[in-house]
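In this chain, residues are counted from 1 in sequence order. All figures in this text were calculated on a predicted structure; none of them were measured in a lab. Atoms within a ligand are numbered from 1 in the order they appear, just like the ligands themselves.
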Amino acid sequence: MSDVNVRVYNESDTMGGMLEKKLIIGNWKMAPVSVREAKSIFVHIKKVAGKLLHVQTVICVPSVYAHEVGRAVTGHRCVSGVQNIHWETEGAFTGEISATQAVSIGAQYAIVGHSERRAAGEVDEDIVKKIKAAVKAGLTPVVCVGEVERDEEGEYVGVLKAQLLASLEGISRKVMDQVVIAYEPVWAIGKKATKKAEPDDVAEIVLYLRKTLIGKYGKALAMRTSILYGGSANADNTESFLRDGGVDGLLVGRASLDPKQFCTMLKIADTLMKNK
Ligand code: PGA
């Protein structure tokens, strides 16, 4: 197993203490439309991200660009990841990429179980296999959970708990120690978002997810598991989500393709952690 995991992003300061960081992950989805543009956005982001002591930046790129972007990575403060992996190492799986292949071109993180993939048929059993494959290959899996809609009775909370537990079914403590969770309410994601998520509400859900993790893995492991928020995160709401949302970072879609805005978000996260 490589030494790439969520704890590694906390680097030592000059006095030998640990610098705590926020984890900000960009998810470019199926964009931009050329590798040239992808490289140029990444290099722009890297220039800023590479200087920030209190933020770990990750850009999850379309796999066709992963090699080129992976080559542009310098240092450990701004690294690359992929948006999906297959659980097998190699074989007759047309169109898929394996965790091992992703690692071979420099990827360090993999999004697993994004709602857009779940909507396309990915099930919890697949997600469990992908988490295991990712960690075995040395990738940090970023496991997405989130309710599709909210009901007045609050049943979505139970749905969310069931989804989290099913996505982690049979995942050992050792593997869990490498996992990042992203809470992404589907109704708050993308252009089709029907409502804005509020930081206070996210904080409650994150607490609930953490309690669920405590029940399964015990307090120590659950408390050190990074939980991110994702869904229309942008430069205007970064501060409130990071300050009041009780999260360890953000999973950012659209805003991560706008390098200027994304860099503003990274700087906000850095300042917040610096002044903590
Ligand atoms: P968004 O996407 O920031 O564009 O809403 C978030 C995601 O799907 O991860």
Side-chain angles (χ1 to χ4, degrees), residues 6 22-33 37-38 41-42 45 49 55-63 65-66 69 79-85 107-122 127 130-131 134 139-150 160 163-164 167 179-199 201-202 205-206 209 226-242 245 247-266 268-269:
V6 294
K22 290 289 185 196
L23 178 58
I24 310 285
I25 304 183
N27 172 14
W28 284 358
K29 308 193 180 183
M30 200 172 73
V33 293
E37 213 183 321
I41 300 173
F42 183 80
I45 293 170
V55 180
Q56 173 64 55
T57 304
V58 182
I59 306 293
C60 292
V61 301
S63 46
Y65 303 153
V69 171
V79 300
S80 66
V82 291
Q83 300 166 11
N84 179 43
I85 46 160
Q108 298 189 20
Y109 287 70
I111 297 173
V112 175
H114 189 278
S115 60
E116 286 153 15
R117 296 204 57 87
R118 288 182 188 259
E122 190 161 299
I127 291 160
K130 290 179 184 200
I131 295 172
L139 287 173
T140 298
V142 181
V143 181
C144 303
V145 294
E147 74 282 3
V148 174
E149 53 191 13
R150 290 216 167 170
L160 192 56
Q163 191 189 45
L164 179 68
S167 303
V179 171
V180 171
I181 301 291
Y183 169 56
E184 296 214 307
V186 180
W187 48 266
I189 293 178
K191 281 191 193 134
K192 291 191 200 137
T194 50
K195 238 179 78 191
K196 273 196 219 155
E198 296 301 331
D201 177 57
V202 167
I205 299 288
V206 167
L209 293 176
S226 293
I227 304 183
L228 315 181
Y229 167 74
S232 302
N234 57 38
D236 295 333
N237 58 30
T238 292
E239 185 168 351
S240 53
F241 276 123
L242 293 181
V247 289
D248 303 299
L250 299 170
L251 180 54
V252 187
R254 284 155 299 162
S256 67
L257 282 153
D258 170 355
K260 220 171 141 216
Q261 174 169 196
F262 192 64
C263 288
T264 303
M265 296 170 77
L266 298 176
I268 292 170

Engineer: Answer yes if the side chains of Trp28 and Gln83 hold a donor-acceptor pair under 3.5 Å, and no otherwise.
Structural biologist: no

Engineer: Which bit of Lys191 is near ligand 1, meaning a heavy atom under 4.0 Å away: side chain, backbone, both or neither?
Structural biologist: neither

Engineer: Which atoms from ligand 1 have a heavy atom of Glu184 less than 4.0 Å away?
Structural biologist: 6 (C), 7 (C), 8 (O), 9 (O)

Engineer: List the closest protein heavy-atom neighbour of atom 4 (O) of ligand 1: residue, atom name, distance to the nearest 0.1 Å.
Structural biologist: Arg254 NE, 2.7 Å

Engineer: Could you pull out the closest heavy-atom pair between Phe241 and Glu198, with the gap in Å?
Structural biologist: CE2-C, 4.1 Å

Engineer: In ligand 1, which numbered atoms sit nearer than 4.0 Å to a non-hydrogen atom of Ser232?
Structural biologist: 1 (P), 3 (O), 5 (O)

Engineer: State, yes or no, whether a side-chain contact exists between Asn84 and Lys130 at a heavy-atom distance under 4.5 Å.
Structural biologist: yes

Engineer: What closest approach, in Å, do Leu266 and Ala49 show between heavy atoms, and which atom pair accounts for it?
Structural biologist: CD1-CB, 3.8 Å

Engineer: With a 4.0 Å cut-off, would you call Asp201 and Lys195 a salt bridge?
Structural biologist: no

Engineer: For atom 2 (O) of ligand 1, what's the nearest protein heavy-atom neighbour? Residue, atom name and distance, please.
Structural biologist: Lys29 NZ, 3.3 Å

Engineer: If you round to the nearest 0.5 Å, how far is CG of Leu164 from CD1 of Ile227?
Structural biologist: 8.0 Å

Engineer: Please report whether ligand 1 has a polar contact with Gly230, defined as an N or O pair separated by less than 3.5 Å (distance criterion only).
Structural biologist: no

Engineer: Within a distance under 4.0 Å of any heavy atom of Asn27, pick out the atoms of ligand 1 and give their elements.
Structural biologist: 9 (O)

Engineer: Should you measure from each heavy atom of His114, which atoms of ligand 1 turn up under 4.0 Å away?
Structural biologist: 7 (C), 8 (O), 9 (O)

Engineer: Check Ser115 against Val186 and note the closest heavy-atom contact, atom names and distance.
Structural biologist: CB-CG2, 3.6 Å

Engineer: Does an N or O anywhere in Gly253 fall below 3.5 Å from an N or O of ligand 1?
Structural biologist: yes

Engineer: For ligand 1, which atoms sit closer than 4.0 Å to a heavy atom of Gly231?
Structural biologist: 5 (O)

